[in-house]
Amino acid sequence: MNYWKKFSHEERLEHIKKALGNNVNFAQDPSLGYPASKLDGRVFHDEAPFLKDSPTLQAFVANPNHIGCHTFGTSEKAFKGTQAIEREVLDVIAIDVFKAEPDGFDGYIAPGGTEANIQALWIYRNYFIKNFGACCSEIAIIASEDTHYSIPKGADLLMIDWCRIPVDSETRAISEITLEDSIKDAQEKGKKYFIVIANMGTTMFGSVDNTDVYTDILQKLGAHFKMHVDAAYGGFIYPFSNPASELHFGNPHVSSLTIDAHKMLQAPYGTGIFICRKGLIENVLTKEAEYVEGMDLTLCGSRSGANAVAVWMILFTYGAHAWFEKISVLQMRTAWLCKQLELLGIHYFRNPYMNIVTIKSNGISESVAQKFDLVPQKHDPTNQWYKIIVMDHVEIEHLSLFIQTLKDERKGLSKKLGSLFSILRILLKFRDEQESYL
Ligand SMILES: *Cc1c(COP(=O)(O)O)cnc(C)c1O
């Protein structure tokens with residue numbers, strides 16, 4: 001970890017103050033050309049005393065616009081201070097966590113994982129069009145049925161087909177035979193170029209795809225492909241809990257990644273992170289964005305620089321070691337929950353490196369699921385699973401209340417069954433007595 005450090009409150013305050021100082025100051029500088037300003041001063045007082053100690057809120061009020069991409073070419077100079085903060089965030093995630101080469105990647109803080117995933121699909125669609133003369137009908141997305149719905153959303157927008165690969169209902173793993181058949185079938189239908197989405201933590205199960213299954217078969221079938229890792233949910237857990245993970249830029253097949261800071265990292269919404277290897281993001285350059293200095297390589301256009309500051313603050317408050325410790329605690333709580341479920345004989349799925357436990361719905365009554373706000377896989381009667389996510393606010397105390405409720409419910413049930421049996425016994429005895437009179 002060369003970039004991820006731990007800073008004191010004073011160091012963080014000083015660092016962000018300096019960055020904001022390098023941005024345009026709408027309150028003082030004669031800046032006449034921007035359709036932007038600091039936040040409305042009548043509503044958001046920039047002299048409020050609590051701002052002094054809060055770099056994130058200072059950035060929020062200063063309202064820098066991070067339009068464009070700041071790892072590539074030039075950028076709007078008015079916001080160069082906080083753009084540098086964004087690059088520091090990307091260095092930590094791309095290089096320290098996901099093993100990219102320094103200066104070997106491009107990326108930005110997108111409004112969310114949905115945009116980051118669509119950005120990846122957009123880049124690869126254009127890559128195949130520009131480099132191979134492909135047409136949209138020759139390109140297909142390959143992803144498991146547990147993949148996030150942002151992928152079918154992107155497929156719809158970009159007019160490319162999605163091959164939805166079924167998974168085993170217990171292990172949530174893609175089967176090699178089905179995958180091979182699906183790809184062969186797609187090839188027969190004229191698909192020549194494939195965009196693979198590998199999941200690092202699916203939303204419902206926390207399952208992690210084995211990328212070798214994809215790459216081995218695609219190579220065997222001689223198909224052109226690019227692989228994107230959707231680590232929107234798992235990106236701030238899995239690399240820490242499983243150091244042997246191969247879902248990073250050290251793997252030559254991995255071309256890009258999505259990591260949401262607004263999930264596990266508990267950053268404000270609007271902090272989905274997109275990172276790709278150098279040489280790819282140019283595929284979505286919008287040349288017509290001429291008024292933006294450096295032009296635009298992103299899907300969203302304007303975006304808040306305060307979000308970059310918020311993510312930076314979280315990363316540099318913890319440092320890598322304290323983050324590892326936090327993940328370890330969540331892993332321990334998850335293991336505790338799994339053990340209790342096993343003792344109760346309740347069936348569940350959990351990837352051993354993740355903090356999601358997805359429980360078979362026949363082990364959980366609807367009233368317990370409602371009481372503890374468990375999220376169902378489907379909001380209809382065909383639902384088969386409920387999930388528990390062991391986030392920071394989910395402590396053993398809460399989990400043990402959940403387990404106790406399951407136990408009480410069972411006791412209540414066996415009591416009811418017990419009294420039913422006693423009534424039955426009395427009735428039978430009564431009948432016997434009646435018969436003996438006859
Ligand atoms: C949440 C999530 C997304 C989409 O993220 P948003 O930030 O809600 O747009 C994509 N993929 C996975 C696996 C997710 O869990």
Side-chain angles (χ1 to χ4, degrees), residues 89 93 97-98 107-124 141-158 162 164-165 167 172-174 195-211 214 227-239 241-242 245 247-248 254 256-276 298-301 303-304 307-308 310-311 314 327 330 349-351 353-358 374-378 385-392:
V89 165
I93 297 167
V97 182
F98 287 99
Y108 68 103
I109 300 186
T114 297
E115 164 156 335
N117 280 344
I118 295 174
Q119 172 86 3
L121 298 176
W122 188 26
I123 287 174
Y124 300 134
I141 298 165
I142 301 185
S144 84
E145 64 172 300
D146 285 344
T147 297
H148 188 263
Y149 71 86
S150 50
I151 299 302
K153 193 187 264 185
D156 186 36
L157 280 167
L158 295 163
W162 171 34
R164 188 171 181 268
I165 310 297
V167 298
R172 310 313 296 181
I174 33 178
I195 303 170
V196 180
I197 306 297
N199 289 296
M200 179 186 274
T202 54
T203 314
M204 189 65 204
F205 293 91
S207 49
V208 178
D209 291 333
N210 175 1
T211 53
Y214 284 120
M227 190 157 73
H228 172 74
V229 176
D230 184 359
Y233 176 75
F236 279 110
I237 310 168
Y238 193 77
S241 53
N242 181 13
S245 162
L247 286 167
H248 53 66
V254 171
S256 56
L257 286 154
T258 291
I259 314 106
D260 269 356
H262 62 212
K263 286 184 177 155
M264 277 315 293
L265 206 63
Q266 294 171 260
Y269 287 109
T271 49
I273 295 165
F274 174 76
I275 296 168
C276 63
T298 70
L299 182 53
C300 59
R303 55 196 176 85
S304 173
N307 284 338
V311 181
I314 298 170
I327 295 305
L330 296 181
F349 174 88
R350 178 206 176 194
N351 177 296
Y353 301 106
M354 297 290 293
N355 59 340
I356 298 185
V357 181
T358 310
L374 307 192
V375 171
Q377 184 187 25
K378 295 177 191 168
W385 300 91
Y386 286 112
K387 72 171 166 178
I388 292 183
I389 307 188
V390 184
M391 297 291 284
D392 197 41

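In each ligand, atom 1 is the first atom listed, and ligand 1 is the first ligand listed.
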Item to check | Inter-residue atom distance Ile197.CD1 - Asn117.CG, 0.5 Å rounding | outcome: 6.0 Å
Item to check | CD1 on Ile273 to CG on Leu257, rounded to 0.5 Å | outcome: 10.5 Å
Purely on distance, is any nitrogen or oxygen of [X] under 3.5 Å from one on ligand 1?
X      : result
Thr202 : no
Gly113 : yes
Glu115 : no
Thr114 : yes
Asn199 : no

Next on the checklist: Between Tyr233 and Asn355, does the side chain to side chain donor-acceptor pair (under 3.5 Å) criterion hold? Intermediate values first, please.
Outcome noted: CA-CA 10 Å; Tyr233 176 75; Asn355 59 340; 2.7 Å; yes
Give the atoms of ligand 1, by number and element, whose distance to some non-hydrogen atom of [X] is under 4.0 Å.
X      : result
Gly112 : 7 (O), 9 (O)
Ala232 : 2 (C), 3 (C), 10 (C), 11 (N), 12 (C), 14 (C)
Tyr233 : 15 (O)
Thr203 : 12 (C), 13 (C), 14 (C), 15 (O)
Asp260 : 1 (C), 5 (O), 6 (P), 7 (O)
His262 : 7 (O)
Asn117 : 10 (C), 11 (N)

Checklist entry - Within a reach of under 6.0 Å around CZ of Phe349, are more than 12 heavy atoms found that belong to other residues, nucleotides or ligands? => result yes
Next on the checklist: Is the shortest side-chain heavy-atom distance between Leu330 and Met264 below 4.5 Å?
Outcome noted: yes
Item to check | Heavy-atom side-chain proximity of Thr258 to Gln119 below 4.5 angstrom | outcome: no
Checklist outcome for this item: among protein heavy atoms, the one nearest atom 4 (C) of ligand 1 is His148 CE1, 3.3 Å
Checklist outcome for this item: The closest protein heavy-atom partner of atom 11 (N) of ligand 1 is Asp230 OD2, 2.6 Å
Next on the checklist: With a cutoff of 4.0 Å, is Lys263 in contact with ligand 1, counting heavy atoms of the residue only?
Outcome noted: yes
Checklist entry - Does Gly201 have a heavy atom less than 4.0 Å from any atom of ligand 1? => result yes
Checklist entry - Closest approach of Ile314 and Leu265, non-hydrogen atoms and distance? => result CD1-O, 3.5 Å
Next on the checklist: What verdict does the side chain to side chain donor-acceptor pair (under 3.5 Å) test give for Ser256 and Tyr124, after you've listed the backbone C-alpha separation in whole Å, the side-chain angles of each residue and the deciding distance to 0.1 Å?
Outcome noted: CA-CA 10 Å; Ser256 56; Tyr124 300 134; 2.5 Å; yes
Item to check | Distance-only donor-acceptor check, side chains Ser207 and Asn199, under 3.5 Å | outcome: no
Checklist entry - Taking the six-membered ring for Trp, are the ring centroids of Phe205 and Trp385 within less than 6.0 Å of each other? => result yes
